[in-house]
Protein chains: 2
Amino acid sequence: MKFIPNLSYDCVIFGFNGKTLKILILEYHNTGLFALPGGFIKKNQSLQDAVNKGVEERTGIKDVFLDQFQIFGDPERADPIAMRRILEANNQDLKKNEWMMGRFITVGHYALINYEDVDPKPDHLSDSIDWYDINSVPKLMMDHNEIVDRALEVLRNNISEKIIGMNLLPPKFTMKQLQQVFEAILDQTLRRTSFQRKMLSLDILQRHEKLFEGKAHKAPYLYSFK
Amino acid sequence: MKFIPNLSYDCVIFGFNGKTLKILILEYHNTGLFALPGGFIKKNQSLQDAVNKGVEERTGIKDVFLDQFQIFGDPERADPIAMRRILEANNQDLKKNEWMMGRFITVGHYALINYEDVDPKPDHLSDSIDWYDINSVPKLMMDHNEIVDRALEVLRNNISEKIIGMNLLPPKFTMKQLQQVFEAILDQTLRRTSFQRKMLSLDILQRHEKLFEGKAHKAPYLYSFK
DNA sequence: ATCTATTGTCTCACTTTATGACAATAATTC
DNA sequence: GAATTATTGTCATAAAGTGAGACAATAGAT
């Protein structure tokens, strides 16, 4: 067995489409089972490397911002019946994959990516991998819904750090786009003027000369993070 | 083997003696090696249960506040030479304990306890377990110094939550003591009046009639968390 | 040229925080 | 037992931050 037994990772991959926050969810062939993208760690691989490779395989982007935010270590969190169903539906050898039905402690991560850069690709066990609005996530297997909830909570607590907006937005963006990211994450509307004043006072934004054009009104400045 | 292989936990146990923040560090017999208290997880045990038991064994207190704050998953973090030295110095069977020299992914925790309640007890491999001032932590084995640094960082970020002061202080305390906890954690002095006003406005404190006596000045009120 | 929608900025009221001042008081000292 | 000392709880004022609205500027549509 090339993997570290009983240890896995799962990843809540956040993207922002300009309006709402979304996450990537995969569906297994012929089972109706939904799950977070996840995987295992090879015996000589760093955790970070394993997760990076997993995210890259499924989204095609490298060097994603990743935060490993919590372990889920309940011995009862495994769901061997669902796992067996997935293996059977994919004609996998049950004997050989028995270890997958055992107990797993999983390392919960969240990733922040620029929605537009992504071309989601299902893995060999999965039918599809798609974006789901954070407010309409389907029932997921095992404790994956809990992992999503906790990831969102952590994200909300960390929103003041510029690194978050940086990873959900293109390199140059308008003040309005930045506000929309905040609103999508916090799930509340913010006051335009106060938001703008606050952001500018933080001294983390660089204003650019070139404006954003194409709409029938005053063109907004473009900003990037310093 | 009754433990989950390649997985361990380590714990930064914080206490507050009224002046400075301290942590518990253990020293292995005849080796001069210092380390954080840690351990392994049994195959059918929850992570939380394992850590709780470990902390209880060494401090004698149950139901400690524990936050599992980060995984350390670098495959190079193991130090088989030091581990062998510890086993040899304790006359342990090297063959039987070979697994301990392998690679470990460790789950970093921090615990907050009331300094006065504690009677630290070394485990069977260790000489001693003692409080060390957070500013004079010795060189620890493996990446344990990094774990301490990260724990302190996380603690600083979480200080506004009442749960932290609650676990580092006795049930009733003065405003000054509370301020000293904040100052020790943040490593900076705070303004007395602003601090007091802020704490009272948070509506998390209960003021008691009984005052704290024994000093040659106006007696401060005692408070507890609501 | 005029209109429309949105932007950047300003103002004023209100809230929160910083900083200093001061009276209250428990134990100590005389 | 009166004066002293150190520290506490609270207030006063100044400074900084935030909420809510107003208004001029302007890129493209009409």
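Lettering follows sequence order; numbering is per chain, from 1.
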Problem - Distance in Å, B:Arg207 CZ paired with B:Leu205 CG, rounded so as to fall on 0.5 Å steps - result: 9.5 Å
Exercise for the section: Take atom CD of A:Gln179 and atom P of C:dT6, then tell me their distance rounded to the nearest Å. Expected result: 13 Å
Exercise for the section: Check the pair A:Leu24 / A:Thr59 against side-chain contact (heavy atoms from CB on, under 4.5 Å), numbers first and verdict last. Expected result: CA-CA 9 Å; A:Leu24 280 178; A:Thr59 65; 3.6 Å; yes
Exercise for the section: On DNA chain C, check which nucleotide each of A:Arg197 and A:Tyr221 is closest to and give me the residue with the more 5' one. Expected result: A:Tyr221
Practice task
Give a yes or no on whether a salt bridge exists between A:Arg156 and A:Glu153, defined as a side-chain N under 4.0 angstrom from a carboxylate O.
Solution key: no
Practice task
Report the distance from atom NE2 of A:His208 to atom OH of A:Tyr223, rounding to the nearest 0.5 Å.
Solution key: 10.0 Å
Practice task
Grab the NE2-C1' distance between A:His217 and C:dT2 for me, whole Å please.
Solution key: 18 Å
Handout entry: Side chain B:Arg192 and base D:dG9 donor-acceptor under 3.5 Å
Key = yes
Exercise for the section: May I have the distance from A:Gln196 (atom CD) to D:dT18 (atom P), rounded to whole angstrom? Expected result: 15 Å
Problem - Minimum-distance nucleotide (side-chain atoms of A:Thr193 versus D:dA27, C:dC10, D:dG9) - result: C:dC10
Practice task
Figure out the CG/P separation between A:Leu222 and D:dA27, and round it to whole Å.
Solution key: 14 Å
Exercise for the section: Please determine if a side-chain N or O atom of A:Lys198 lies less than 4.0 Å away from the OP1 or OP2 oxygen of D:dT18. Expected result: yes
Practice task
Give a yes/no answer on whether the side chain of A:Ser194 brings an N or O atom under 4.0 Å of OP1 or OP2 in D:dG19.
Solution key: yes
Practice task
Would you kindly give the CD-to-C1' distance between B:Gln177 and D:dT7, to the nearest whole Å?
Solution key: 14 Å
Exercise for the section: Look at A:Arg191 and D:dA20 and indicate whether a side-chain polar atom (N or O) is within less than 4.0 Å of OP1 or OP2. Expected result: yes
Completion exercise
Here the distance between atom P of D:dA29 and atom NZ of A:Lys218, to the nearest Å, is 19 Å
Practice task
May I have the distance from A:Tyr223 (atom OH) to C:dT7 (atom C1'), rounded to whole angstrom?
Solution key: 9 Å
Fill in the blank from the handout: One should read off an interatomic distance between A:Met142 CE and A:Leu33 CG, to the nearest 0.5 angstrom, of 11.5 Å
Practice task
Let me know the distance between CG of A:Leu190 and C1' of D:dT18, rounded to the nearest Å.
Solution key: 13 Å
